[in-house]
2 protein chains.
Amino acid sequence: MSEPVPVLLTVDLVVLSVRADDLQVLLVRRGIEPYADAWALPGGFVLDGEDLPDAAARELAEETGFDRARVHVEQLATYGAATRDPRGRVVTVAHLALVSDPGEPRGGSDAAEAAWVPVREVPGRELAFDHERILADGIERARAKLEYSALGAALLGSPFTVAELRRVYEIVWGESLDPRNFHRKVTGVAGFLEPTGETRTERGRPAALFTAGPAGVLHPPITRQR
Amino acid sequence: MSEPVPVLLTVDLVVLSVRADDLQVLLVRRGIEPYADAWALPGGFVLDGEDLPDAAARELAEETGFDRARVHVEQLATYGAATRDPRGRVVTVAHLALVSDPGEPRGGSDAAEAAWVPVREVPGRELAFDHERILADGIERARAKLEYSALGAALLGSPFTVAELRRVYEIVWGESLDPRNFHRKVTGVAGFLEPTGETRTERGRPAALFTAGPAGVLHPPITRQR
DNA sequence: CGGAGTAATCGTCAAGTTGACGACAATCAC
DNA sequence: GTGATTGTCGTCAACTTGACGATTACTCCG
């Protein structure tokens, strides 16, 4: 019959950001066994009495200094293969965090070292545990949600221009988008972009500035190629 | 510092089916404390050495007799509020299962009683733990995934007619769909429906029979009203 | 057998959306 | 000023959607 088996519970974070014209993920170098010196997703044990969203927000704050108000964090999936951690039964609830470019990461308490790594360079490095799979799932979730949600803005500081938003889509999806059609699309969906009335000039004609609007979902969605 | 806290791990199942022209969920009456005699989602503890998908499939088989080959099961989300179970720290990994009408449920081992309940009648019954929230999340997931995935077929026996599939959409979404446009849409998306060449007659003109095609995602999606 | 009833399927048309791309606007560097 | 650069607006054909008429192929009943 069902015997309850105690497990250890962790939260791991797929922290994505668009930096240096690239989709990057925050990795930490593990200081302790198992997988000492290997790169891994930031994360840690869920503390006594702590809810999962709290644990994820706490780990994110420890690693990046971001507080939960400024970033998007959502639960991704839970990974519980019996053999995923050699120490025993450790189950992790992975979360996806999208942050705007935070500059250099703060060294966290558990982490010997933290670094932003372009996601396309990750397959070269061996990540600890099943973190490569978790990362792949997180990236796919982010790509998919850009289509129908207002998450692109979470990867940008506020306010932002339509061109900056388009660049986020292009970088995350890895395909180029027509500036005119993208502009028509995002400005045409009610509640998606909130015009500030301000403009910002960098090169060329000044661009209007927007903040994320109240619409959580985009209907109809912005479609990527198949 | 982070002290690992052992937790007990369960899997709970939101088992949905379209029966008697209604979206129904499989509930069990709890035989033991806490929440003895209350209705709850079927589920149970993850066993030693058991992976999460295996645990979910095992629980599903125990409650419904369905084997995993014939149903769609996917991980839904993980619920871990510290106070969700009065016995202590119990974290549950909820799964969504979509099954074709299985007739009456088998009484499971843990469950004193099992019953199919129309989802719209659930708010009247107090479900154990946070199961009401889990159920709501499962229903919303099912509704959303019908739009862009081939999951509708998982709620039907095989083969099925276009009208049966449309009825599934109407029941799950709670809105009526134009038969002609629906037919055009689903037969027009490549790889979605596989014609068997057979027909079935009930009333009126015989309907062509289909099986689910190889396409996992529908592009463009079938949209429901907003 | 000949309707009447019922449901499946095909067609049509206007309205809306998309993709491709031309044109113009508003800035900066010189 | 001129040219380079980028943002924004417009246009047009191709496609998709929503509404709905028409036809087809059965069963049932007299």
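Chain identifiers are assigned alphabetically (A, B, ...) following the order of the sequence lines, protein sequences preceding nucleic acid strands; residue numbering begins at 1 within each chain.
The pair B/Glu175-B/Arg224 does not meet the salt-bridge criterion, since no charged nitrogen lies less than 4.0 angstrom from a carboxylate oxygen. We find that B/Arg200 and B/Glu164 are joined by a salt bridge, their nearest charged nitrogen and carboxylate oxygen being less than 4.0 Å apart. A salt bridge does not link A/Arg125 to A/Glu132: none of the charged side-chain nitrogens sits closer than 4.0 Å to a carboxylate oxygen. In summary, A/Glu170 and A/Arg167 engage in a salt bridge, as defined by a charged side-chain N under 4.0 Å from a carboxylate O.
Looking at which nucleotide of DNA chain C each of B/Ala207 and A/Pro206 is closest to, the 5′-most match is held by B/Ala207. Position along DNA chain D of the nearest nucleotide to B/Glu202 versus B/Arg205 favours B/Arg205 as the more 5'-ward residue. Nearer to the 5' terminus of DNA chain C, by closest-nucleotide assignment, is the contact made by B/Ala163 (compared with the other of A/Pro220 and B/Ala163).
Across the protein-nucleic acid pair, B/Leu218 atom CG and D/dT17 atom P stand 11 Å apart, rounded to whole Å. Distance, B/Asp178 CG to C/dA7 C1': 14 Å, rounded to whole Å. Between the CG atom of B/Asn181 and the P atom of C/dA15 there is a distance of 16 Å, given to the nearest Å. Residue A/Phe160 contributes atom CZ, which lies 16 Å from atom C1' of D/dG7 at whole-angstrom precision. Counting to the nearest Å, the C1' atom of C/dA8 and the CZ atom of B/Phe210 are 10 Å from each other. Rounded to whole angstrom, the span from the NE2 atom of B/His219 across to the P atom of D/dT17 amounts to 10 Å. Taking atom CD of A/Glu198 as the reference point, atom P of D/dG7 lies 18 Å away to the nearest angstrom. Between the C1' atom of C/dA8 and the CG atom of B/Leu165 lies a distance of 14 Å, rounded to the nearest Å.
One cannot find a donor-acceptor pair under 3.5 Å joining the base of C/dG11 and the side-chain atoms of B/Arg184. The base of D/dG10 is not paired with the side chain of A/Arg180 by any donor and acceptor separated by under 3.5 Å.
Applying the 4.0 Å criterion to OP1 and OP2 of D/dT27, one finds that B/Arg203 has every side-chain N and O outside that range. An OP1 or OP2 oxygen of D/dT17 is reached within less than 4.0 angstrom by a side-chain nitrogen or oxygen of B/Lys185. Contact between the side-chain N/O atoms of B/His183 and the OP1/OP2 oxygens of C/dA8 is not found at any separation under 4.0 Å.
Ring pair A/His131/A/Phe129 is tilted by interplanar angle, where 30° to 60° counts as tilted.
Set against D/dT8, C/dA8, D/dG18, the side chain of B/Arg166 has C/dA8 as its closest nucleotide. Comparing C/dG19, D/dG10, C/dT9 by their closest approach to the side chain of A/Thr223 singles out C/dG19.
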